Amino acid sequence: MMKPLILVTGGAGYVGSHTCLSLLEAGYPVVVVDNLSNSKAESLRRVEKLSAKKLFFYPVDICDPEALKKVFMLHSVGAVIHFAGFKAVGESVEKPLEYYHNNVYGTMVLLECMREAGVRTIIFSSSATVYGMTEKVPFREDAPTSATNPYGRSKLFIEHILLDLCVADPSWRVTLLRYFNPVGAHPSGEIGEDPRGIPNNLMPFVCQVAVGRLKELQVFGNDYPTPDGTGVRDYIHVLDLAEGHVKALEAAETQQGAAIYNLGTGRGHSVLELIRAFEKANGIKIPYSISGRRPGDIAASYADVQKAEKCLNWKTQRTLEDMVRDAWNWQKKNPEGYA
Ligand code: NAD
Ligand code: UFG
């Protein structure tokens with residue numbers, strides 16, 4: 001049977017490009033809309049090369065209703081996976097209007113286009129950031145939510161908009177996927193994470209130190225109540241995350257209303273553990289020094305993954321060693337990213 005066509009917003013980005021590959025490999029036809037504000041179309045060419053399949057690409061901004069409508073008119077879309085948005089926490093504090101416009105208004109435009117086209121299935125990229133400053137780990141999906149910055153609030157607002165929509169019209173099928181910390185790359189080294197400027201996140205920073213683009217890593221605090229004092233996170237290989245989206249699509253076929261899932265490994269690793277794993281797997285020393293805590297960071301964050309395992313029939317396969325090896329393989333093969 002022909003699989004439904006999937007519209008992927010933000011498909012040229014880091015998580016999006018890996019998910020497009022998993023979708024094509026699973027036999028789904030794919031249409032990408034991406035305004036390339038934080039990515040390059042080269043990622044999609046490489047996805048086509050890796051899968052030996054074609055996808056449709058439109059350089060469209062989701063905030064542009066006319067352009068987006070045209071895409072829905074040209075293609076018979078079965079479901080939407082919605083990645084498009086801005087994601088830098090610090091920048092969101094400086095540019096709240098830009099963040100709410102792009103993330104919240106952009107999602108509104110998308111949902112109105114979907115409604116008009118009769119498309120009722122959406123999978124949304126939410127974040128573990130919606131668990132706020134909670135100290136009780138692991139995080140379960142029914143834990144209270146809150147946010148401490150405009151980026152996190154934009155995710156929370158969108159979650160509420162989507163949940164309200166399901167209450168008003170039960171024909172919608174909404175899946176909120178709360179990602180923990182996506183890292184790594186496709187093992188081919190053809191696609192990976194290509195941040196603009198100096199990376200905010202740990203793994204791309206470590207990779208750029210390893211490749212010589214940055215001198216030294218700052219470890220943000222070693223006085224947290226964790227085994228070695230450094231922050232603990234649930235790092236998840238981006239390919240496990242991508243496969244989680246395919247599973248969520250399958251589950252949505254028989255789903256009623258809304259569902260929320262954590263996508264993580266269920267295991268936490270500290271900053272020092274990640275550095276050591278990187279050094280051991282790749283045979284490279286990572287110079288670092290300890291500096292003060294980064295404002296807004298919590299001590300530990302990791303997922304309770306029982307719900308995703310049970311309801312999505314999905315479980316991560318890849319280890320921390322796989323993550324650091326694949327991240328470095330991508331960086332080494334593409335020292336300047338896609339440029
Ligand atoms: P990314 O920046 O690599 O990908 C986002 C893509 O959306 C980019 O290609 C960008 O060009 C595009 N985009 C942005 N605004 C757009 C618009 N108005 N119209 C069309 N395209 C637009 O980020 P990512 O890491 O792949 O994250 C994907 C999604 O997952 C984001 O919504 C992000 O908030 C969420 N998320 C990411 C992480 C993470 O650590 N990477 C964690 C939790 C949640
Ligand atoms: N860290 C350092 N040095 C760095 C960068 C990070 O020590 O240069 C530490 C942080 O303090 C933290 C850990 O490494 O303990 C991971 O930090 P990241 O910035 O990689 O990831 P976060 O968990 O802070 O943030 C990520 C996403 C956010 C999202 C959040 C919760 O980047 O968008 O997870 O889901 F909101």
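Index from 1, following the sequence. Counting convention: from 1, in listed order, for ligands and their atoms alike. Fair warning: this is a prediction, and the values are worked out from it, not measured in the lab.
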Enquirer: Looking only at protein heavy atoms, which one is nearest to atom 19 (N) of ligand 1, and what is the separation?
Expert: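 Answer, as residue, atom name and distance: I62 N, 3.0 Å.
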Enquirer: Ignoring angles and geometry beyond distance, decide whether C63 reaches within less than 3.5 Å of ligand 1 through its nitrogen or oxygen atoms.
Expert: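 No.
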Enquirer: Do V8 and V31 have side chains that approach each other closer than 4.5 Å (heavy atoms only, starting at C-beta)?
Expert: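 Sidechains of V31 and V8: no contact.
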Enquirer: In terms of relative ring orientation, are F139 and Y131 parallel, tilted or perpendicular, with 30° and 60° separating the classes?
Expert: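 Judged by the thresholds at 30° and 60°, the geometry between F139 and Y131 is parallel.
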Enquirer: Mind checking what makes ring pair (Phe, Tyr, Trp, His ring centres under 6.0 Å) contact with Y100, not counting sequence neighbours?
Expert: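 For Y100, the residues satisfying ring pair (Phe, Tyr, Trp, His ring centres under 6.0 Å) (neighbours in sequence not counted) are F157.
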Enquirer: May I ask whether D61 has any heavy atom positioned less than 4.0 angstrom from an atom of ligand 1?
Expert: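 So D61 counts as touching ligand 1.
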Enquirer: When you look for heavy atoms under 4.0 Å from ligand 1, do you find them on the side chain of S126, its backbone, both, or neither?
Expert: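 Contact part for S126 vs ligand 1: backbone (N, CA, C, O).
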Enquirer: Looking at residues at least two apart in the chain, or sitting in another chain, which of them share a ring pair (Phe, Tyr, Trp, His ring centres under 6.0 Å) with Y235?
Expert: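 Partners of Y235 by the ring pair (Phe, Tyr, Trp, His ring centres under 6.0 Å) criterion come out as none, since no residue qualifies.
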Enquirer: Can you find an N or O of S127 that's nearer than 3.5 Å to an N or O of ligand 1?
Expert: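 No; the residue has no nitrogen or oxygen that sits under 3.5 Å from a nitrogen or oxygen of the ligand.
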Enquirer: I'd like to check the ring pair (Phe, Tyr, Trp, His ring centres under 6.0 Å) partners of Y179; sequence neighbours left out, ordered by chain and number.
Expert: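 Y179 satisfies ring pair (Phe, Tyr, Trp, His ring centres under 6.0 Å) with H245 once adjacent residues are dropped.
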Enquirer: In terms of residue, atom name and distance, what is the protein heavy atom nearest to atom 1 (P) of ligand 1?
Expert: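 In this structure, atom 1 (P) of ligand 1 has N38 ND2, 3.8 Å as its nearest protein heavy atom.
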Enquirer: Side chains of E279 and I284, heavy atoms from C-beta outward: is any pair under 4.5 Å?
Expert: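 Answer no - side chains too far apart.
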Enquirer: Are any of the N or O atoms of Y179 closer than 3.5 Å to those of ligand 1?
Expert: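 N/O-N/O distance below 3.5 Å does not exist for this pair.
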Enquirer: Quick check: does A12 get an N/O under 3.5 Å from an N/O on ligand 1?
Expert: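 No - when backbone and side-chain N and O of A12 are compared with those of ligand 1, no distance drops under 3.5 Å.
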Enquirer: If you measure from each heavy atom of N181 to ligand 1, is any distance below 4.0 Å?
Expert: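 No, that is not the case, since the closest heavy atom of the residue is not under 4.0 Å from the ligand.
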Enquirer: Would S37 count as a contact residue for ligand 1, given that I'm defining contact as a non-hydrogen atom of the residue lying under 4.0 Å from a ligand atom?
Expert: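 Judged by the 4.0 Å heavy-atom criterion, S37 does count as contacting ligand 1.
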Enquirer: Do any heavy atoms of E193 fall under 4.0 Å from ligand 1?
Expert: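 It does not, in that no heavy atom of E193 comes within the 4.0 Å cut-off of ligand 1.
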Enquirer: Taking 4.0 Å as the limit for heavy-atom contacts, which would you say applies to V60 with ligand 1: side chain only, backbone only, both, or neither?
Expert: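 For V60, only backbone atoms sit under 4.0 Å from ligand 1.
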Enquirer: Name the residues in contact with ligand 2, where contact means a heavy atom under 4.0 Å away: which are they?
Expert: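 Heavy-atom contacts below 4.0 Å: K87, S127, A128, T129, Y151, Y179, N181, N200, N201, L202, L217, Q218, V219, F220, G231, R233, Y235, V271, R294, D297.
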Enquirer: Decide whether an N or O pair under 3.5 Å exists between V15 and ligand 1.
Expert: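 N/O-N/O distance below 3.5 Å exists for this pair.
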Enquirer: For ligand 1, note which part of N103 has a heavy atom under 4.0 Å away: side chain, backbone, both or neither.
Expert: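 The answer is neither.
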Enquirer: So, does D194 sit close enough to ligand 1 that a heavy atom of it is under 4.0 Å from the ligand?
Expert: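 No; D194 lies far enough from ligand 1 that no heavy-atom distance drops under 4.0 Å.
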